[in-house]
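Labels below follow one simple rule: chain letters A, B, ... track the order of the sequence lines, proteins then strands, and each chain is numbered from 1.
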Amino acid sequence: MAQPEASATITVFTQGHGMRYWLMKAEPEELGIADLAALPTQTVGWCGVRNYQARNFMRDQMQQGDRALFYHSGVKEPGVAGIVEVCSSPYPDPTQFDPKSHYYDPKSKPEAPRWQQVDVRYIKRTRYLPLSAMRAEPDLEGMLLLVRGNRLSITPVEPAHWRAVMRLLGEAP
DNA sequence: GCCAACGTTGGC
DNA sequence: GCCAACGTTGGC
């Protein structure tokens, strides 16, 4: 069966040296920035992505060394909580084969894995930047996270938007 | 808890 | 290949 391709084209913005910026959503009930920081290796496999467009970003676009905004979703006040770094190549998400997993996909077979993941590494916890504050920031206009109707759990971030977020976080660009 | 938005499924 | 029904996401 052919896998659907992304219905809309989203440009992935690269800098001169090829590093890309991302935003990755996590539900802190499952994995928050504090949990990530407390893990022995401070790395985690970004499992559970079950959207083809988000999967394709990991599979086709992400590179080791890319930075990502770590975003808390599904909470009273969603927002950016930290920064992580992509630290692996894409590889099959093991939870798709685990019948006990919430992310189990009975249609995916080990010989033809449907879902991929990357590992990410904790870089730092930042000042909390709520979604509401991001919406109020003119420099973030057009950021995919803020575009009406967008539900992607992984989105590319334009360098200009990344710089604006770093400024709002009080972080060096 | 609501519901808009949107992705997936499956009958035809 | 169309598209209605259904399920999920995720902010509010």
Side-chain angles (χ1 to χ4, degrees), chain A residues 1-13 20-36 44-62 66-84 86 90 92-118 120 122 125-158 161-162 164-166 168-169:
Chain A
M1 175 174 77
Q3 290 174 339
E5 288 306 314
S7 54
T9 301
I10 294 178
T11 307
V12 178
F13 302 90
R20 288 158 177 163
Y21 296 123
W22 306 92
L23 181 141
M24 302 174 80
K25 296 181 185 176
E27 298 195 6
E29 199 167 286
E30 185 179 357
L31 178 74
I33 191 73
D35 303 316
L36 179 57
V44 69
W46 204 262
C47 66
V49 171
R50 295 295 179 267
N51 170 281
Y52 288 106
Q53 201 168 359
R55 177 207 64 181
N56 291 351
F57 286 139
M58 289 194 291
R59 188 190 63 185
D60 305 333
Q61 307 286 343
M62 278 188 179
D66 285 358
R67 294 275 166 126
L69 302 171
F70 188 96
Y71 179 88
H72 284 180
S73 69
V75 289
K76 202 165 176 181
E77 188 174 51
V80 172
I83 298 170
V84 297
V86 177
D93 176 345
T95 64
Q96 69 195 302
F97 307 124
D98 178 4
K100 296 189 295 297
S101 170
H102 173 64
Y103 299 116
Y104 178 56
D105 181 356
K107 294 181 180 171
S108 185
K109 302 298 168 199
E111 60 273 20
R114 179 177 293 195
W115 304 112
Q116 303 274 119
Q117 67 182 42
V118 296
V120 304
Y122 172 79
R125 184 172 198 160
T126 61
R127 172 190 303 170
Y128 196 68
L129 177 60
L131 176 61
S132 56
M134 298 174 77
R135 289 202 188 281
E137 172 54 51
D139 288 349
L140 295 183
E141 193 179 349
M143 188 175 181
L144 286 172
L145 171 73
L146 309 179
V147 171
R148 178 182 150 92
N150 171 59
R151 296 183 317 182
L152 280 174
S153 62
I154 297 176
T155 50
V157 174
E158 290 183 50
H161 289 153
W162 179 273
V165 170
M166 291 304 113
L168 294 167
L169 291 173

What nitrogen or oxygen pairs link the protein and nucleotides 1-6 of chain C at under 3.5 Å?
none

Between the protein and nucleotides 9-12 of chain C, which nitrogen or oxygen pairs are less than 3.5 angstrom apart?
{"unit_1": "dG10(C)", "atom_1": "OP1", "unit_2": "Lys25(A)", "atom_2": "NZ", "d": "3.3"}
{"unit_1": "dG10(C)", "atom_1": "OP1", "unit_2": "Arg151(A)", "atom_2": "O", "d": "2.6"}
{"unit_1": "dG11(C)", "atom_1": "OP1", "unit_2": "Tyr71(A)", "atom_2": "OH", "d": "3.1"}
{"unit_1": "dG11(C)", "atom_1": "OP2", "unit_2": "Gly74(A)", "atom_2": "N", "d": "3.3"}
{"unit_1": "dC12(C)", "atom_1": "OP1", "unit_2": "Arg135(A)", "atom_2": "NE", "d": "3.3"}

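The heavy-atom pair separating Arg20(A) from Asp66(A) by the smallest distance is N-OD1, 3.0 Å. Nearest approach of Asp93(A) to Gly48(A), heavy atoms of both residues: OD2-N, 2.7 Å.
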Practice item. Would you sort out whether Thr155(A) and Met143(A) count as a side chain to side chain contact (heavy atoms under 4.5 Å, CB included), showing the intermediate values? Key: CA-CA 9 Å; Thr155(A) 50; Met143(A) 188 175 181; over 6 Å; no

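Proximity of a side-chain donor or acceptor of His161(A) to a complementary backbone N or O of Glu141(A) within less than 3.5 Å is detected. Side-chain atoms of Arg135(A) come within 3.5 Å of backbone atoms of Leu146(A) as a donor-acceptor pair (strictly under, hydrogens ignored).
Ring planes of Phe70(A) and Trp46(A): perpendicular class, angle over 60° (limits at 30 and 60°).
With respect to the salt-bridge test (charged N to carboxylate O, under 4.0 angstrom), the residues Asp105(A) and Arg114(A) qualify.
Side chains of Thr95(A) and Arg50(A): a donor on one and an acceptor on the other come within 3.5 Å.
Here the P atom of nucleotide dT8(B) and the CH2 atom of Trp115(A) are 7 Å apart, to the nearest Å.
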